[in-house]
Amino acid sequence: MRTSPLLGSKAWFGPRRFGWGLGPVSVEGWAVTAIFVAVGAVIRRRRPDMQAAAKPVLATLAVVIAVVKGTTPGGRRAWRKFDAARRTTRD
């Protein structure tokens with residue numbers, strides 16, 4: 001299991017505690033998530049004609065950022081390994 005991101009040293013996204021996948025684990029990860037939600041809402045509200053073209057672009061960009069700045073996805077077991085690795089690097 002990869003506990004560090006492909007780019008940089010701080011993981012923005014890590015394995016989810018419940019279910020399978022990646023979720024935000026740092027302030028930067030939460031900020032990126034909030035920005036994507038806000039941009040999607042603005043496009044939906046102000047430019048409904050662009051919505052069909054913007055959705056795949058935003059989704060692809062979000063996945064690329066999560067892969068580059070995240071660890072390997074996983075569930076509860078992967079979260080435990082990630083959390084243990086994160087605690088040892090903080091100490």
Side-chain angles (χ1 to χ4, degrees):
M1 184 185 131
R2 184 173 43 100
T3 57
S4 62
L6 295 174
L7 182 64
S9 59
K10 183 177 182 182
W12 294 1
F13 299 93
R16 294 180 56 187
R17 292 179 192 184
F18 303 104
W20 188 88
L22 291 171
V25 294
S26 72
V27 173
E28 295 87 352
W30 283 107
V32 167
T33 303
I35 289 168
F36 274 101
V37 169
V39 168
V42 167
I43 288 173
R44 182 178 182 175
R45 190 156 205 174
R46 296 189 181 213
R47 298 292 306 260
D49 54 320
M50 275 183 50
Q51 186 177 354
K55 274 185 180 180
V57 173
L58 286 174
T60 303
L61 188 57
V63 168
V64 167
I65 290 172
V67 167
V68 170
K69 289 302 291 179
T71 64
T72 44
R76 190 171 299 182
R77 251 184 290 164
W79 169 257
R80 282 191 219 117
K81 289 179 186 177
F82 170 72
D83 195 39
R86 187 168 63 164
R87 288 175 191 233
T88 59
T89 57
R90 268 193 271 167
D91 297 335

### Query
Does a salt bridge link D83 with R80, judged by any charged N lying under 4.0 Å from a carboxylate O?
no
Just list the side-chain donor-acceptor pairs under 3.5 Å for residues 15-37, sequence neighbours left out, or say none.
from	atom 1	to	atom 2	distance (Å)
R16	NE	F18	O	3.4
S26	OG	E28	N	3.4
S26	OG	E28	OE1	3.1
S26	OG	G29	N	3.3
E28	OE1	K10	NZ	3.1
E28	OE2	K10	NZ	3.4
T33	OG1	G29	O	2.8

### Query
What pair of heavy atoms forms the shortest contact from G74 to A78, and how long is it?
CA-CB, 3.7 Å
### Query
Restricting to pairs with a member in residues 60-77, which pass side chain to side chain donor-acceptor pair (under 3.5 Å), not counting sequence neighbours?
none
### Query
According to a 4.5 Å side-chain heavy-atom criterion applied to Ile, Leu, Val, Met, Phe, Trp and Tyr, with indirect links allowed, do L58 and V67 form part of one hydrophobic cluster?
no
### Task
For V68, check side-chain contact (heavy atoms from CB on, under 4.5 Å) against everything at least two apart and list the hits.
L7, V64
### Query
ring-ring contact (aromatic ring centres under 6.0 Å, His included): which pairs involve residues 58-86, sequence neighbours left out?
W79-F82
### Query
With R47, which residues qualify under salt bridge (Lys or Arg N to Asp or Glu O under 4.0 Å), at least two apart?
D49
### Query
What residues, two or more places apart in sequence or in another chain, satisfy side-chain contact (heavy atoms from CB on, under 4.5 Å) together with V42?
R46
